[in-house]
Amino acid sequence: MSLNDWLDNRWLVLHEPSPEEVADLLAVVERDLTDAAIRGLSPDWRLGIAYNAALQLATLALAAEGFRPGRERAHERAIQSLRFTVGAEPELVATVDGVRRKRNLSNYERAGSASVSEAQEVYAIATKLREDVLAWLRRHHPELYKG
């Protein structure tokens, strides 16, 4: 499968990226990583905020490639697309997707489902993913990111 196959399946739609969009998404990532490091927040919130940083990075990479997720399963598609955009390892994609499900549980069904160590792990994953996405942007889409 490829992103073009996903487009054919209507899992993605075409999108015209801009440097402003990339900068805006990176600002969200920076805010979320800053907030996820606040020790006074519950592990549930810290995990959710760090997850959102990873999600925005996936969305940014997908946009840079000229796509955005369709309406159905948008978060899942954005995360899964990391394999095709930045070449993320399947284990990383599976981990972030598992966090997506855990975040949904803690946000909508049960408080206290995330531990401090899980929140820290997701923060570390999002921080590393930021480094990887920025390096990828510099190599593959310098017109969108000058950083």
Taking all atoms of both residues into account, what is the closest heavy-atom pair of [X] and [Y], and its distance?
X	Y	answer
Ala126	Leu57	O-CD1, 3.7 Å
Pro17	Gly66	CD-CA, 4.3 Å
Ala54	Val96	CB-CG1, 4.3 Å
Asp5	Met1	OD2-CA, 3.2 Å
Val122	Ala50	CG1-CB, 3.6 Å

Practice item. Mind jotting down which residue pairs meet the side-chain hydrogen bond (donor to acceptor under 3.5 Å, both in side chains) criterion with at least one end in residues 63-74? Sequence neighbours excluded, please. Key: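 Every pair satisfying side-chain hydrogen bond (donor to acceptor under 3.5 Å, both in side chains) with a residue in residues 63-74: Glu65-His141, Arg73-Glu76.
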Using distance only, find each side-chain donor-acceptor pair of residues 78-85 under 3.5 Å and give its atom names and separation, not counting sequence neighbours.
unit_1, atom_1, unit_2, atom_2, d
Ser81, OG, Ala78, O, 2.6
Arg83, NE, Gln80, O, 3.2
Thr85, OG1, Ser81, O, 3.2

Residue pair [X] / [Y], side-chain heavy-atom distance below 4.5 Å:
X	Y	answer
Ile49	Ile38	no
Leu7	Trp11	no
Arg46	Arg39	yes
His75	Thr59	no

Do [X] and [Y] sit in the same hydrophobic cluster, where Ile, Leu, Val, Met, Phe, Trp and Tyr count as joined when their side-chain heavy atoms come under 4.5 Å apart?
X	Y	result
Val28	Val86	no
Leu25	Phe67	no
Leu3	Trp136	no
Trp6	Val93	no

Got a second to check how far [X]'s [atom1] is from [Y]'s [atom2], nearest 0.5 Å?
X	Y	atom1	atom2	value
Leu47	Asn52	CG	CG	11.5 Å
Lys146	Leu137	NZ	CG	11.0 Å
Leu60	Leu55	CG	CG	11.0 Å
Glu89	Thr95	CD	OG1	11.5 Å

Check your understanding: Which residue pairs satisfy the salt bridge (Lys or Arg N to Asp or Glu O under 4.0 Å) criterion with at least one member in residues 10-33, sequence neighbours excluded?
Key ->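 Output for this query lists Glu30-Arg130.
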Review point. Taking it one step at a time, do Leu12 and Leu62 satisfy side chain to side chain contact (heavy atoms under 4.5 Å, CB included)?
Key: CA-CA 9 Å; Leu12 301 176; Leu62 192 56; 3.8 Å; yes
